[in-house]
Amino acid sequence: MLNIAVFVSGRGSNLRAIHAATEDGSLDAHIVLVLSSRDDAPALGWAADHGIAHSSLQHVPGADMAESILRLLEEAAADFIVLAGYMKRIPGEVVRSFRGRMINVHPALLPAFGGKGMYGHHVHEAVLASGVRVSGATVHIVDEEYDRGPIVLQRCVPVEDDDTADSLAARVLTVEHALLPAALQLFSEDRITVRDGRVYIKK
Ligand code: GRF
């Protein structure tokens with residue numbers, strides 16, 4: 001059983017997908033906290049409507065960010081972090097405290113199309129410009145480097161000739177909604193080990 005804190009910046013469709021999986025029994029976890037980088041993230045209103053503890057970090061000064069996040073996580077008794085569309089950098093202290101217990105979902109097949117500047121529509125525009133025939137979603141463990149931590153799960157989608165960044169994003173998002181709860185369930189069942197930067201999944 002995981003006690004999950006979900007970090008968001010926007011609409012929170014991945015947050016809702018995780019929540020749905022906890023409700024239908026496919027994910028053995030509780031969402032205990034939703035943290036947003038912005039006051040106006042729709043995900044915050046959704047958390048309020050569902051009685052889930054939530055908070056915005058928008059007005060927390062940079063120097064206090066790590067301490068504030070760690071305090072909120074402790075108050076909620078969170079033991080696992082999911083970055084679900086979170087657009088801000090996670091302070092190093094938080095990465096260190098949750099090493100191996102923080103994952104991110106990225107809307108492309110890492111290690112391609114990741115790193116600085118690769119977020120939102122920029123990812124899908126770069127995928128289309130490159131001419132690759134497949135894209136997909138990646139769930140990876142978060143470490144100090146953007147989009148570089150050990151890969152837990154990936155799933156492909158085709159790139160169609162008439163795709164726009166929006167149509168491709170929508171196809172990838174559907175896959176994200178399945179992949180993120182599936183990855184969390186592997187952690188919940190304690191089936192993930194990491195060796196030399198590579199994830200191994202116990203059968
Ligand atoms: C997702 O595509 C995620 O991969 C990316 O940001 C988007 C967040 O969507 N990092 P949502 O807020 O979960 O709907």
Side-chain angles (χ1 to χ4, degrees), residues 1-23 27-107 110 114-120 122-123 138-150 152 176-177 179-181 183-185 187-188 192 194:
M1 162 74 77
L2 303 175
N3 288 325
I4 301 171
V6 184
F7 285 48
V8 296
S9 293
R11 82 197 137 181
S13 68
N14 278 293
L15 165 67
R16 296 196 299 277
I18 296 166
H19 183 259
T22 64
E23 295 275 287
L27 172 57
D28 193 16
H30 283 308
I31 299 175
V32 295
L33 180 64
V34 173
L35 289 182
S36 172
S37 59
R38 305 163 51 129
D39 295 347
D40 62 358
L44 279 180
W46 180 90
D49 291 345
H50 287 76
I52 299 170
H54 56 279
S55 192
S56 168
L57 301 169
Q58 183 169 332
H59 305 286
V60 177
D64 300 338
M65 189 59 83
E67 199 189 317
S68 297
I69 292 175
L70 288 172
R71 183 175 38 76
L72 288 161
L73 291 168
E74 193 179 336
E75 280 167 10
D79 56 20
F80 203 94
I81 296 175
V82 180
L83 307 183
Y86 187 69
M87 307 286 270
K88 280 288 204 40
R89 208 183 71 83
I90 297 290
E93 291 93 317
V94 179
V95 175
R96 283 191 286 282
S97 298
F98 278 76
R99 194 173 295 289
R101 302 195 63 77
M102 172 164 20
I103 60 175
N104 177 47
V105 62
H106 184 78
L110 293 174
K116 227 176 161 29
M118 280 293 172
Y119 60 90
H122 299 293
V123 177
T138 302
V139 174
H140 67 95
I141 295 173
V142 175
D143 64 13
E144 278 79 0
E145 244 189 297
Y146 263 126
D147 295 334
R148 281 288 164 175
V152 182
E176 292 180 46
H177 292 165
L179 210 60
L180 203 42
L184 284 165
Q185 182 60 14
F187 282 95
S188 177
I192 299 291
V194 181

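- Closest approach of Val95 to Met102, counting heavy atoms only: CA-CE, 3.7 Å.
- Residue Pro181 comes nearest to Ala21 through the heavy atom pair CB-CB, 3.7 Å, listed as atom of the first residue, atom of the second, then distance.
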Pairs under 3.5 angstrom only: tabulate donor-acceptor contacts from the side chains of residues 74-87 to other protein residues two or more places apart or in another chain.
{"residue": "Asp79", "atom": "OD1", "partner": "Asn3", "partner atom": "N", "Å": "2.8"}

Got a list of side-chain donor-acceptor pairs under 3.5 Å for residues 45-59, not counting sequence neighbours?
{"residue": "His50", "atom": "ND1", "partner": "Trp46", "partner atom": "O", "Å": "2.8"}
{"residue": "His54", "atom": "ND1", "partner": "Ile52", "partner atom": "O", "Å": "2.8"}
{"residue": "Ser56", "atom": "OG", "partner": "Asp39", "partner atom": "N", "Å": "3.4"}
{"residue": "Ser56", "atom": "OG", "partner": "Asp39", "partner atom": "OD1", "Å": "2.5"}
{"residue": "Ser56", "atom": "OG", "partner": "Gln58", "partner atom": "N", "Å": "3.1"}
{"residue": "Gln58", "atom": "OE1", "partner": "Asp39", "partner atom": "N", "Å": "2.7"}
{"residue": "His59", "atom": "NE2", "partner": "Asp39", "partner atom": "OD2", "Å": "2.6"}

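- Within the 4.5 Å cutoff, side-chain heavy atoms of Leu2 are placed close to those of Arg101.
- The side-chain heavy atoms of Phe187 and Ile141, taken from C-beta on, include a pair separated by under 4.5 Å.
- Minimum heavy-atom separation, Asp143 to Gly149: OD2-CA, 3.6 Å.
- Taking Glu144 as the reference, Arg99 meet the salt bridge (Lys or Arg N to Asp or Glu O under 4.0 Å) condition, with sequence neighbours excluded.
- Taking all atoms of both residues into account, the shortest heavy-atom contact from Ile4 to Ala29 is CD1-CB, 3.6 Å.
- Judged as a ring pair (Phe, Tyr, Trp, His ring centres under 6.0 Å), and not counting sequence neighbours, His106 has no contacts.
- Formation of a donor-acceptor pair under 3.5 Å by the Ser36 side chain with backbone atoms of Leu44 is not found in this model.
- Separation of atoms OG1 (Thr138) and CD (Glu176) is listed at 9.5 Å; rounding is to 0.5 Å.
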Inset, instruction - Give the C-alpha distance, both sets of side-chain angles, the deciding distance and a yes or no for side-chain contact (heavy atoms from CB on, under 4.5 Å) between Asp147 and His140. - result: CA-CA 8 Å; Asp147 295 334; His140 67 95; 3.9 Å; yes
Inset, instruction - Step by step, work out the side-chain contact (heavy atoms from CB on, under 4.5 Å) result for Phe7 and Ile90. - result: CA-CA 10 Å; Phe7 285 48; Ile90 297 290; 3.8 Å; yes
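- At distances below 3.5 Å, not a single donor-acceptor pair connects side-chain atoms of Ser188 with backbone N or O atoms of Leu184.
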Inset, instruction - Assess whether side-chain contact (heavy atoms from CB on, under 4.5 Å) is satisfied between Leu179 and Val105, documenting all intermediate values. - result: CA-CA 9 Å; Leu179 210 60; Val105 62; 5.7 Å; no
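- Evaluation of the salt bridge (charged side-chain N to carboxylate O under 4.0 Å, His left out) test over residues 83-98, restricted to residues two or more places apart or in two chains, returns none.
- Closest of all the heavy-atom pairs between Ala66 and Pro91 is CB-CB, 3.7 Å.
- Every residue meeting the salt bridge (Lys or Arg N to Asp or Glu O under 4.0 Å) condition with Asp40, not counting sequence neighbours, appears here in chain and number order: Arg38.
- Considering only heavy atoms from C-beta on, Ile18 comes within 4.5 Å of Leu180 through its side chain.
- Among all heavy-atom pairs drawn from Ala183 and Ile103, the shortest one is CB-CD1, 4.4 Å.
- Atoms OH and CG, on Tyr146 and Leu110 in that order, are 13.5 Å from each other to the nearest 0.5 Å.
- Remark: side-chain polar atoms of Arg16 are paired, donor with acceptor, to backbone N or O of Arg11 under 3.5 angstrom.
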